[in-house]
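Each remark here refers to the structure printed beneath this line.
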Amino acid sequence: MAEILDGKKLRDKIFEDLKIKIDKMSVKPTLAVILAGDNPASAIYVRNKKKTAEKLGINSIIIEYPSNISEDVIIKKIEELNSDKDITAILVQLPLPVHVDKFKVIETILPEKDVDGLTSYNSGKLFLGEKPYVYPCTPKGILLLLDEYNIEIEGKHVVVLGRSNLVGKPVAQMLLNRNATVTMCHSHTKNLDNIIKTADILISAVGKKIVGEKNIIKSNCVIVDVGIFKDESGKVRGDVEFDEVFESASYISPVPGGVGPMTIASLMLNTVELSEGSRKLGR
Ligand code: GUN
């Protein structure tokens with residue numbers, strides 16, 4: 001029977017420590033979030049980020065644009081935020097409207113203010129096995145959760161489902177840097193079931209049901225479910241059929257309440273880390 005990887009509990013513990021740290025800071029961190037377009041999920045995520053930041057004593061501003069905003073306006077705003085000493089962290093909420101080049105926009109963020117760790121500088125550092133200013137939020141949260149439960153990573157076979165820049169690629173690289181053997185799977189992977197069966201740790205970040213009855217996981221597999229979507233009845237679900245794997249897995253992160261709270265905890269940790277760094281750099 002699996003033990004639950006409780007993201008809410010760990011998030012609350014992180015926030016308790018973080019609040020004490022922020023209270024002692026003479027200059028509070030300031031997070032700027034750019035929200036462009038009318039994606040309803042993004043609007044909820046951004047509101048939650050602001051609310052959480054405020055609870056912890058982090059300043060935050062949201063810059064909202066309609067979906068027909070030009071790329072140039074967003075880029076100019078980021079340049080302005082880059083040179084504003086009071087802004088210590090910048091986040092561009094994804095997805096951006098389709099006509100906007102997200103790579104160009106993200107690349108405009110100064111690496112030392114890039115709270116998502118998505119610029120080529122920060123992701124390059126990660127892929128070289130060096131230290132970026134910060135690690136991407138969801139992957140960082142996943143590793144914090146695994147470490148909290150003392151789950152061994154070194155030498156383990158980790159199967160990552162999904163190859164996004166936000167989750168799949170960076171989490172695979174972070175685990176590789178921790179000496180795991182990593183297999184990345186995606187929509188073109190053949191014999192997926194056979195690969196899943198070999199996983200000591202399974203990280204699923206697909207956003208649709210992928211591990212169900214027909215997949216048999218290895219006994220004592222650790223399951224981290226990053227996926228989140230609504231099924232036909234409107235119920236929030238993860239990629240993995242929780243009930244199907246619960247008996248044979250050793251650990252499983254629930255949806256909701258697993259990785260989601262860890263992503264926001266990591267964002268707050270990153271915001272504080274960047275702010276501390278900016279003072280060290282004298283900016
Ligand atoms: N959209 C969904 N998740 C994320 C995230 O972690 N960062 C950003 N910037 N956008 C997102």
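Every value quoted in this text rests on a predicted model; they were computed, and no experiment measured them. Just so you know, residue 1 is the first one in the sequence shown, and it goes up from there. When a ligand or atom number is given, it counts from 1 through the structure's own listing order.
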**Asked** Do E54 and K50 meet the salt-bridge criterion of a basic N to acidic O distance under 4.0 Å?
**Response** yes

**Message:** Check this for me: does any side-chain nitrogen of one of D23 and K19 sit under 4.0 Å from a carboxylate oxygen of the other?
**Reply:** yes

**Asked** What distance do F246 atom CZ and E241 atom CD have between them, rounded to the nearest 0.5 Å?
**Response** 14.5 Å

**Message:** Given a heavy-atom cut-off of 4.0 Å, could you list the residues near ligand 1 in chain and number order?
**Reply:** L91, V92, Q93, L94, D116, L166

**Message:** Just checking F103: does its CZ atom have more than 12 heavy atoms from other residues, nucleotides or ligands closer to it than 6.0 angstrom?
**Reply:** no

**Lys/Arg-Asp/Glu bridge criterion (N-O < 4.0 Å) met for E148, K13** = yes

**Check ion pair E244-K209 (N to O, under 4.0 angstrom)** = no

